[in-house]
Structures are given as structure tokens and as C-alpha cells.
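Protein chains get the first letters and strands the later ones, always in sequence-line order, with residue 1 at the start of each.
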Amino acid sequence: MKNKYAKWLFGVLAIVLVLVTILSTVVYIVDPFFQFRVKDDKYLINVRFACGGLIKNYDYDALILGSSMTQNFDMDVFREVQGVNPLHIGIGGLEYEEELELLELAYDAGRADKYFLSAELYMFTGDAKKSRLPQYLLKDDLLSRCRYFLNYEAWFRFIPIDLGLMTLEKLGISRPAAFDSRTSIDDIENWETDFEYGEEVVISNFLSGAYGVSEVGTDNLYEKTTKKMDTYFDSLQLDKGEHVLFFPPYSMLYWASCSDELFDIMLDSKRYYIEKALEKGIKVYDFQTAEFTSDLNNYKDLTHYSGEINDWMTEQFLSDDYLLTNENADDFLSALRVKRNDFLKEKAELFSN
Amino acid sequence: MVFSSYIFIFAFLPIVLVLYYALSKLKSPLYQRAFLIAASLFFYGYYNVMYLLLIVASIVVNYLVCLVIQKGNGATKKIFLAVGVLFNVFLLGYFKYYDFFFENINSVFGTSFAMKNLILPLGISFFTFQQLSFVVSVYKKEEKVANLWDYVLFVTFFPQLVAGPIVLYSEMIPQFMDNSRRYFNSENFSSGLYIFGMGLVKKAVIADTLASFVNNGYGMSNIGLAAGWTISLSYTLQLYFDFSGYSDMAVGLGKMFNIDIPFNFLSPYKSKSISEFWRRWHITLGRALSTYIYIPLGGNRKGQVRTYINLFVTFFVSGLWHGAAWTFVLWGVLHGLFSVIERFIGEQRLQKIPNIVRVAVTFLIVNALWVLFRAESFADAIEVYKGMISFGNINLGQLATVVGTEGGVNLPTVMDCAYIIGLVASLLYVVFGQNNSAFRLEKFLPTKKFAIITAVMFVVALLCLSRESVFIYFNF
């Protein structure tokens, strides 16, 4: 009798091993998160799951990394204007810790010789955050591989959809249009056509409280922010390629919504960031005083602009108009203050309460 | 440490099992017991070593109190019973109710006592209640204190330490003392593995999926009918699969060590009345509340009105035990109220109502009251209640918000609706139409069918472990 139970236990173990082997093999073959090979226009892509695999295995020589401010960059325009083979990783609300993790991965991969990084002060103002990126997709050790082969998101979410899409393709049935942009590596997380733009929408969103400036405590904010910036600049491996930093052109409504105290600290922090970057010989572009930033018709909310502005920035990377130098940096910072003050006067009714 | 984690399943449990049974080769059983205590304390202190000091202090004080009560007589016994009760009430009160108490004092009297924002030590409600019940049992001469190490093992035995079942000294110690249980038993181990796997699926596969819907849902406003019911049913199902899953795992782990731990859930949502629900839901808590509160208050022996009051008080305490918030108190009080109403109507009259109607009504009441249990404030609960009765606003599209981007995928709205409705409906079928774990364990046989079921359960649960989460009842 006892022997029967012992046999049963071995039987369970054997079945578990067989199932684990089958599951692992399927994940290896399908590879939904591009850990072994990259397949464009085939699989449903979520940038948080795909970014590790793409950085490690995609064929690129320029990396564009940033928050939602970078998500509408058009890779064809980038190829044409910049003459590079780009990979675009734009993660909504990208955190400081996440950017450093991805940069380190990119440095290790050694594929890029040019890095376009969005410079966003919010990343430096907050306390330490836990990375939202699945760590097992950033590493290649055995345990991480096991976690990839046997992970929930792959098996319960992506593989069924990916296999469904592959079956449709095999049957010659065109997949739903909604999946087109969601399977394209160039278009990862591109939201350009998902929203309405215009002054009316922006103001309505602002007045309803749907979008606003996140509350940030100003106590020791400058010290905390600049300390994080020091670590950030120390982490950049400048020998791995050319680094281009750029301040994305938020609308003037964003700056106007900041309290005077917060704005002053932000400006001082920005000055510190620019000084650090220039000290290290890094190119920094500041688009935050561009003329269109006062025209809310270019935006969907306080900060997010239409794709045309991303195209415009791509072109500006070739000109010196917005390139900061030790000589002009203060002029740019002063211009931002002036534009903000003008906007506050012009739209005083928005801030009457 | 949580049962449904890689570290527990692939490291802690196998190592502890191998070493425990290796120690059975030694003649004295003391090594095995000492090892099990050490492993249990490691398990408990894994996330926060400071917890260990608390549990050790609680064990030492309770043990000494029990010794004095057992050896003392008359006034000494009474004094030390009071000391034991007060110590446990103070311990729980300090960590669990301090902020709640002073928050209310501040709002009533306009005082400004500072809040401590204490983090509730893991399982404190369970091990404190278990020890409190033991102190009372020793006073009543229903239990006898053995040696310190047996007592420590009774409190700390890791399968039931953090979230119950709340076991009795008399049902655990004789098993630890039984020499025949020291050795590896493949029959017990097999059935333990089977039931552990079932609990793991309930927790890691089902409850954690529902948790995502519930968390999204309780952050919503202007909830429509479809979302209101989906959110409330999701939580009703989540709570059951989470807690009964944990309890199944505890039973399974016990069996792996040849220890029988009582089942805590017996198809509670099939109950025909609230009273029956409490005989099927968190059974060992119900047993403890009945033994140490309801019966000492007089139970049903002192007339109808006193019975109603006693029921009411017992459920009030149950509400407070579950959490330091008025939402929990109201939840407990309403369960008490429905129990009183049932008692008032009488079982004979209730039996005239078709069973299917009784089960449906009981389930709807329980489901509605779980909304209070989950809500962080009355305003949160009202949002969900408003959704559940907004018959003019079905708003199926809102279900996409309830599903959210669970697992990193943002599906089209139609697929989200089909997914969540299909899932909740299937799980309702499981709780109403399928047999419970206790029944399934009885039917367990070492056949190919059970081997395949067990293996598949493990592998599916293994896939879901990559989104580790804690058990809901760890918070109580």
C-alpha cells in the first residue's frame, strides 16, 4: 500500500517535470518578450515586458529612451533625419530607477552608439521608487530564465493572444486593425491617434482636475533632486556612445500650474542639471521655451504634445537653435520664467481660484 | 514568508521536510520538535526579525501565566486568569486598535493624541486568540500545560501560525506526542501534496486574478450596475478562494508532517442561513468565539432576549477582531442582526422556504456585507452599493476598467467584458456546484487521475506565482 503512494509521488514529480519542459520549450520558441530573438509585427507588445528583450536583441545603433514624452517619436522620421537605426523605448511615467536599469542594460548590450534621453525633472524630485520592470526580463541568469519560461504574463496573457494572431496569419485572415500598432516595434506605446488635442480639451481637463501637476513637497527638494542628479550623471557611461539629453516641451500651462516656490526650485534644479551635463560634455537641448509651448492647441493635456512636435524635435537635434551652452543656458532659463509669467497674465482666469 | 512563494515552495519547505524526517532517525523525538520550532520561528521572522521578539514574549508570558493558573488555587487562579486575559487583550489592542481608539477619542473629544501608525505584526490576531483561548481552558481545567517546548510548538507550528486555523491545544499536542507520526508517511504526504496543490491554485491562480479586479474596482467612481455587481462578486469570491486556499495549504502542510489540522471552510456560500454560514466559514474562529464569548455570556440558556444580545455581542467582537475600523464593526453588527432575525423567525418557519431561495438570499446578504468588509471607508462602500442598485445604468463598458491592464495587456473592451463575466460566472458555478476540499480529500486515491490533477495544479499555480501577493487574512 505504502509503495503505491510512493509510486504516486514519483508519478506526480515526473508529470510536473514533463509539463515544465513542454511549457519552457513553448516559451523559448514563441519568445513573447524577445529574450532570444526579436519578431516585428507579430506579437502584442507591452513596453514594460518587451523593453529588456529589445534592448538586448534588437538590431539598433541609436536608443531613444524616456517617458510618455518620447512615445510619439516617429522612427521613420528618425531614420530619415538622423540617419540612424533607432530603437525607441518610451515608458509612461518612466522612473529614475527604471531609466538607470535600462541604460545599464543598453550599455551591456553594446549595440547603441547614440543615446537620446529625455530630461525630466519629475524623475529626480520623488523618493526612491520600486522599478516596475520585471527584473527577470532584464537578466540572463538561470533563475531569471526559469522565471521567464514559467511566468504568468507570458502564459496567461501574451502567449494565447500571440498564438491567436499567428493562427489568423496562417489562415490568411487579417488581424483586427487595433493590433497593428500594438505589434509594431517602431510604434510601441504610440498614443498619437488615441486622444483629442486642442485648447478646449486641455483647459477642460485642467479645470476638471483630471490632469494637474503632481503634488511635491518643497522641503529640501533642491537638495534631494540635485543629489539624485549627481548619481544619475555618475551612472552615465559616456564612453559607450554619444549622449543627447533633451528637455521635452511641456505646455506653458504646466509651468503656470506649479506654485511659484516649486517653479523656482525646478528652475534651480534644471540649472544644476544643465551645468552637470555640460561639465561632462553632454549635448543638452532645451525645447521648453519653444514658441508653440504657449499654444495649447498642440497638446492633449498639460504636458503631452502631438506627434508633429516629436518630428520637429527630431529635426532640431541637427540644429543648434535649442542646444544649450554655458553661455546661453541662463538665457533659456530666464526665457522660461518670462514665458510663464506672460502665460499667467494671459490666462489669469484659469488661476483665479 | 507566504506559502504561495518560490522561496517557500522551492527552498523552505523541501529543506524543512528533508531535515525533519532525517531527524526521525534519532531516537529522541525532541530533536524533531526543536527543529520544527526553529523552522517555524524562521518562517515567522523571515520578513521582519522584530516580530520574533513579540511572538517569543507573548509565548513566554502566556506560558508562565498558564503554569501559575494550573498550580495555583482560588484567588491566585482568578488573578492570573485576569493577567493572562488582559495581557493578550493589551497586546492585540496596542498593535491593532491603538490608532483606531485614539482617532475616535480625538474626533469625539477634540483631543489631539498622536497616531502611532503601527504596522500590524503578522498573524498577531491568530496567535493571540489561540493563546488566550488556551489560558481560559487551563483556568477551566479543560487543558493541562505540558512542557514549554510543546507549548511553543503548539503556538508556532508554521502551517497554522500566521492565519490559522485557530487550533486547540488538545487537538495538536497529542499528535506531536504521538511517536508513530514522527516518520515519513507516503500516504499522508501524498494527500497533503494534493490538498496543498488545491489550495495553491485557489490562492495563486484564482484569488490573485480576482484581486486585480477588486483593487481596480474599489478605486472607481460613478460605478454602474454591471461593474457594481462584478466588483462585489469578485471580492466575495476572492476572499473565499484566498482564505480557504490558505487553509487548504495549511491542512496539506500539516499532513506532510503527519499532523491533522482541521478544515476551516466547508462550502460556506451553499449555506441556507447566516447562522449556517458561520458554521461553514472560518470554522475555527466561529468555534473560538462561541466557546469564549457566546457561551460564557450565557449562550441561549438565559431566555430569548439574552440570546439575541449574546449573539449580537459575539458578532460585534467578530467584526472588531477582523479589523480596527467602523466598517468592520458595522459588518459584524449586521451579521449579528441577521442572525438575530433568523433566530426570531425560527428554523421551523425558515424550513418552509425552498432551499434554493434560502441559499440565494443568504448569499446575497453575505455578498452585500463583504462590500463593507473590503471598503476602506463608508464612502467607498456606498460607491459600490450605489452601483449595485443603479438599474438604469448598466454600463458594461466599465468592466474594462475593472479588468484594467491586468498582466500588462490592454484588451479591447468586448474581450474584457467577456473575460470578466465568464470568469466570475465560472467561479460562482464552482462555489455552488462543486464539492469542497474536505470532500475531495476524502475521495483522494493514489491513481493516475489524481496524479495528473495534482501535477497540473502545481504547474498552473507555478506559472501564477510570478505575480506573488500576500494573503488577505494576514491583515487581520
Portion of [X] that has a non-hydrogen atom of chain A nearer than 4.5 angstrom:
X	result
B/Leu445	backbone
B/Leu462	both
B/Ser191	neither

Are there more than 12 heavy atoms of other residues, nucleotides or ligands under 6.0 Å from atom [atom1] of [X]?
X	atom1	result
A/Phe10	CZ	no
A/Lys224	NZ	yes
B/Lys448	NZ	no
B/Asn435	CG	yes
B/Tyr46	OH	no

Q. Nearest heavy-atom pair of A/Leu9 and B/Ser190: which atoms, and what distance?
A.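 So the two residues come closest at CG-OG, 3.5 Å.
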
(Q) Looking at every non-hydrogen atom in both residues, tell me the closest pair between B/Ala455 and A/Val12 and how far apart they are. (A)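 Reported closest heavy-atom pair: CB-O, 3.9 Å.
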
Q: Take B/Leu463 and A/Asn151 through the side-chain contact (heavy atoms from CB on, under 4.5 Å) test and state the conclusion after the steps.
A: CA-CA 5 Å; B/Leu463 295 179; A/Asn151 88 86; over 6 Å; no

Q) Taking only residues two or more places apart in sequence or in another chain, which ones pass ring-ring contact (aromatic ring centres under 6.0 Å, His included) with B/Phe189? A) B/Phe184

Q. With B/Tyr20, which residues qualify under ring-ring contact (aromatic ring centres under 6.0 Å, His included), at least two apart?
A. B/Phe257

Kindly compute the distance separating [atom1] ([X]) from [atom2] ([Y]), expressed to the nearest 0.5 Å.
X	Y	atom1	atom2	value
A/Leu13	B/Thr454	CG	OG1	12.5 Å
A/Leu150	B/Cys464	CG	SG	11.0 Å
A/Ile15	B/Phe458	CD1	CZ	12.5 Å
A/Asn3	B/Glu187	CG	CD	12.5 Å

Q) For the ring pair B/Phe444 and A/Trp8, is the centre-to-centre distance below 6.0 Å? A)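 When the ring centroids of B/Phe444 and A/Trp8 are compared, they turn out to be within the sub-6.0 Å range.
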
Q) So which pairs with a foot in residues 189-202 of chain B pass salt bridge (charged side-chain N to carboxylate O under 4.0 Å, His left out), sequence neighbours left out? A) B/Lys202-B/Asp248

Q: Considering only heavy atoms, give the residues of residues 92-105 of chain A separated from chain B by less than 4.5 Å, sorted numerically, with 'none' for an empty result.
A: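 Against chain B, none of the residues of residues 92-105 of chain A fall inside the cut-off of heavy atoms under 4.5 Å.
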
Q. Do A/Tyr152 and B/Val205 pass the side-chain contact (heavy atoms from CB on, under 4.5 Å) test, and can you show the C-alpha distance, the side-chain angles, and the key distance before you say yes or no?
A. CA-CA 9 Å; A/Tyr152 168 79; B/Val205 182; over 6 Å; no

